[in-house]
Protein chains: 2
Amino acid sequence: MAGKRTRATIKDVARRAGVSPTTVSHAFSGNGTVAAETAERVREAARELGYRPDTVARGLRSSRLGVLGLVVRPLDPLDTAFLEGVDYFLRFAGSAALAAVERGYGLMLVPDPTRADAPAVGLACDGFLITEPVENDPLITMLTRECVPFLGVGRDPARPASPDYLDLGTGRIVAEVLDHLAAAGGSRVAAVLGTDRNEWNLDAETAYLDWVRARGQRPLAVRRAEVAGEAGGREAGEELFGMAEPPDAVYCQTGRHAAGVLAAARARGLAVPGDVRIACGADSDSEHTRSSVPPITSVDLRPVRLARTAVAVLADRVEGIEPPVPGPAEYELIVRGSTRG
Amino acid sequence: MAGKRTRATIKDVARRAGVSPTTVSHAFSGNGTVAAETAERVREAARELGYRPDTVARGLRSSRLGVLGLVVRPLDPLDTAFLEGVDYFLRFAGSAALAAVERGYGLMLVPDPTRADAPAVGLACDGFLITEPVENDPLITMLTRECVPFLGVGRDPARPASPDYLDLGTGRIVAEVLDHLAAAGGSRVAAVLGTDRNEWNLDAETAYLDWVRARGQRPLAVRRAEVAGEAGGREAGEELFGMAEPPDAVYCQTGRHAAGVLAAARARGLAVPGDVRIACGADSDSEHTRSSVPPITSVDLRPVRLARTAVAVLADRVEGIEPPVPGPAEYELIVRGSTRG
DNA sequence: ATGAAAGCGCTAACAC
DNA sequence: GTGTTAGCGCTTTCAT
């Protein structure tokens with residue numbers, strides 16, 4: 001397979017066209033000045049030889065490879081079995097790749113380049129998209145130090161807001177879901193939160209506490225790791241429904257948690273909706289929210305559009321343009337059976 | 001943003017550690033032999049300087065960048081608006097990226113590198129995954145000529161079967177769906193096929209013709225471009241249902257076509273299922289098959305697993321290993337309301 | 001308008 | 001075990 005045939009180089013083309021490598025370079029990059037006739041001859045020679053300028057060599061000089069990196073936090077080392085089920089991620093990554101290609105970039109998914117075992121190619125990217133940076137994200141520290149452009153999709157919760165981060169508007173979203181739960185008849189709303197220290201979780205917690213207190217109630221929040229998935233949600237549900245004063249509505253941060261809470265409620269013989277309303281802040285995993293019985297009310301975070309926006313901003317930055325900073329991301333509450341009896 | 005700070009080079013480290021660049025290189029690549037103590041000194045100097053070997057420069061010498069390219073056919077130039085809706089693609093790409101990372105590679109979505117306007121970085125990949133190669137795919141011609149490893153996900157219909165292609169087993173799948181339509185009561189089964197000249201379409205056509213003829217019936221096939229989507233399917237449905245002897249079952253190649261056929265049937269007042277059964281060969285787009293009324297029977301092609309397999313084979317090949325050739329891809333028929341009355 | 005020469009950062013021979 | 005010397009393929013001054 002990996003044969004010996006070596007690609008034609010700029011020298012080969014130069015020789016064949018009877019010019020110098022410099023001229024060939026100019027003819028291709030449009031940088032210097034070449035007589036139209038010479039350029040044609042060069043182009044012809046190149047065609048005959050099947051020559052294409054080598055991107056890597058070019059990148060070595062220009063320190064631009066034409067590649068954008070996508071880092072998915074906080075799942076590092078990438079827990080692929082987990083991620084594969086997460087629609088949100090799949091859609092984000094697919095759409096980002098598409099948007100990048102449209103801008104003439106390649107988009108590469110890379111593991112955290114600050115890790116010792118990271119593939120070296122991770123460092124070669126011209127810029128990075130970091131989904132859900134964590135508190136004091138080490139990658140952000142590193143990129144800032146090395147002056148590599150990046151864009152957080154979600155804020156680094158420990159750093160001040162800045163044009164380096166796309167605002168997810170988590171607080172807004174959570175408040176709307178909580179309002180919906182209340183409108184659906186929930187009078188005592190609990191929350192199942194995640195444990196990753198990112199904007200999504202930290203702002204959600206704040207929003208939940210604010211919302212509950214504004215209504216003069218006592219917060220009732222439990223926490224389960226994202227990767228604990230449905231089993232974690234089930235545990236959380238059992239904990240909540242086993243209380244002396246159990247909640248009649250539960251807000252969850254992930255679709256899997258919500259599915260687990262739903263299972264726990266049903267196992268206790270609670271009607272959903274009826275005895276308990278369940279809703280989820282992120283339609284991260286359609287298998288769990290759309291396909292459960294009843295399907296779970298959730299929020300479409302529009303990952304496809306979000307990715308597109310993120311790539312546009314990052315590409316601008318890589319090219320030295322200071323792009324306008326988009327406002328909080330759009331989203332849509334999708335009301336399903338779990339809150340609509 | 002794009003500051004001037006320049007990264008430490010191998011020379012800087014060499015100077016600081018009081019050794020030669022070669023020694024530093026060896027210390028990092030583990031290639032030559034370095035005294036343990038020297039290696040430690042080098043490592044320390046590197047740490048102090050924040051040095052990381054430059055992948056691009058390294059790639060220039062080794063002609064290995066550590067990047068796998070993913071080319072999506074036959075949608076070139078990438079029709080992103082279209083692709084974004086195609087779950088199959090999103091899942092395949094996301095999963096492939098994940099699998100690549102696990103193997104220490106980056107995975108990059110690139111437009112057809114044989115196109116003149118393609119981002120040059122496309123050529124820099126160490127190997128290529130080509131989903132659904134088209135007849136006499138020019139990219140395959142080029143890669144073969146340049147001895148670049150590749151793997152077709154699906155055969156190039158015009159070339160002989162070979163280890164260079166993953167077998168989708170299209171014929172098997174189509175036959176099973178047709179059998180299912182018959183079992184569900186269909187006695188005259190029509191087909192709505194696509195127009196892309198790839199394994200999926202060409203083998204499906206053959207399989208359909210074989211199946212119909214084996215039952216002593218006359219084939220009834222219409223064709224609509226994949227990108228025509230639901231509207232195309234609707235047209236096809238109108239054509240079919242307007243016939244003197246209309247079919248009572250329709251096999252479709254894409255979820256969107258199926259959704260269109262369904263709409264056409266309902267517009268005519270036909271009951272689905274009942275008067276007409278509809279099924280689809282590929283659960284390519286869940287919005288259209290899962291969420292239609294009734295939901296449409298379809299086939300899960302397991303893109304997540306398929307991508308994983310493909311990446312494994314390609315990575316082996318890039319590394320000079322001749323991997324075992326996997327058999328036809330797995331799939332699962334998902335029976336839904338459109339064939340289950 | 002064209003070319004010669006000097007590298008980009010790294011690694012592979014080949015000395016020592 | 002370590003250093004010297006040549007480049008990888010390209011771009012870029014700077015001459016001509």
Side-chain angles (χ1 to χ4, degrees), chain A residues 2 4-43 45-46 49-66 119-121 123-126 146 148, chain B residues 4-43 45-46 49-66 119-126 146 148:
Chain A
K4 58 190 69 166
R5 238 195 87 110
T6 172
R7 276 173 49 181
T9 79
I10 201 170
K11 269 190 190 160
D12 302 324
V13 178
R15 205 168 5 242
R16 200 176 211 308
V19 297
S20 80
T22 309
T23 305
V24 177
S25 172
H26 285 169
F28 272 90
S29 66
N31 260 358
T33 46
V34 268
E37 195 216 329
T38 313
E40 186 39 49
R41 209 148 29 94
V42 168
R43 224 157 269 287
L49 264 39
Y51 167 82
R52 298 283 251 141
D54 182 315
T55 317
V56 179
R58 188 177 267 185
L60 182 57
R61 301 256 343 149
S62 62
S63 49
R64 281 234 187 126
L65 236 195
V121 69
L123 273 321
C125 299
D126 300 337
E146 296 191 3
V148 177
Chain B
K4 58 189 70 166
R5 236 195 89 108
T6 172
R7 276 173 49 180
T9 80
I10 202 171
K11 270 190 191 160
D12 302 325
V13 178
R15 203 165 9 239
R16 200 177 213 304
V19 296
S20 80
T22 308
T23 304
V24 177
S25 173
H26 286 167
F28 272 90
S29 66
N31 261 357
T33 46
V34 267
E37 195 217 328
T38 314
E40 185 39 50
R41 208 149 28 97
V42 168
R43 226 156 267 289
L49 264 39
Y51 167 82
R52 297 282 252 142
D54 182 315
T55 316
V56 179
R58 189 176 265 187
L60 182 58
R61 299 267 332 152
S62 62
S63 48
R64 284 240 182 118
L65 235 196
V121 70
L123 273 321
C125 298
D126 301 335
E146 296 190 2
V148 177

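Only a predicted model underlies this, so the values are computations on that prediction, with no experimental measurement involved. Just so we're on the same page: letters track the sequence lines, and every chain starts at 1.
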Euclidean distance, atom [atom1] of residue [X] to atom [atom2] of [N] [Å, nearest integer]:
| X | N | atom1 | atom2 | value |
| --- | --- | --- | --- | --- |
| B:D12 | C:dG9 | CG | P | 9 Å |
| B:L60 | C:dG9 | CG | P | 12 Å |
| A:E40 | C:dA1 | CD | P | 17 Å |
| A:H26 | C:dA1 | NE2 | P | 12 Å |
| A:N31 | D:dT12 | CG | C1' | 9 Å |
| A:L65 | C:dC10 | CG | P | 14 Å |
| A:R52 | D:dG9 | CZ | C1' | 16 Å |
| B:R64 | C:dT11 | CZ | P | 15 Å |

Under 4.0 Å, heavy atoms only, any strand: does [X] hit a base, just the sugar-phosphate, or nothing?
| X | value |
| --- | --- |
| A:S25 | base |
| B:S29 | nothing |
| A:F28 | nothing |
| B:V19 | sugar-phosphate |

Is the backbone of [Y] close enough, under 3.5 Å, to the side chain of [X] for a donor and an acceptor to pair up by distance?
| X | Y | answer |
| --- | --- | --- |
| B:R43 | B:A27 | yes |
| B:D126 | B:G66 | yes |
| A:R7 | B:E146 | no |

Side-chain donor/acceptor contact of B:T22 with base of D:dT4 under 3.5 Å:
yes
Suppose we call a contact any N or O donor and acceptor under 3.5 Å apart; does that hold for the side chain of B:R61 and the base of D:dG7?
yes
Go nucleotide by nucleotide along DNA chain D from the 5' end; which of B:T33 and A:I10 gets its closest nucleotide reached first?
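Upstream on the strand: B:T33.
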Under the side-chain contact (heavy atoms from CB on, under 4.5 Å) criterion, do B:V56 and A:L65 qualify, and how do the steps go?
CA-CA 8 Å; B:V56 179; A:L65 236 195; 3.9 Å; yes
Taking the side chain of [X] as heavy atoms from C-beta outward, which of [options] is closest to it?
| X | options | answer |
| --- | --- | --- |
| A:K11 | D:dC8, D:dG9, C:dC8 | D:dC8 |
| A:S20 | C:dG9, D:dT2, C:dA4 | C:dA4 |
| B:T23 | C:dT11, D:dT2, D:dC10 | D:dT2 |

Reckon B:T38 has a side-chain N or O less than 4.0 Å from the OP1 or OP2 of D:dT2?
yes
Verdict with supporting geometry, A:S25 and A:I10, side-chain contact (heavy atoms from CB on, under 4.5 Å)
CA-CA 7 Å; A:S25 172; A:I10 201 170; 3.8 Å; yes
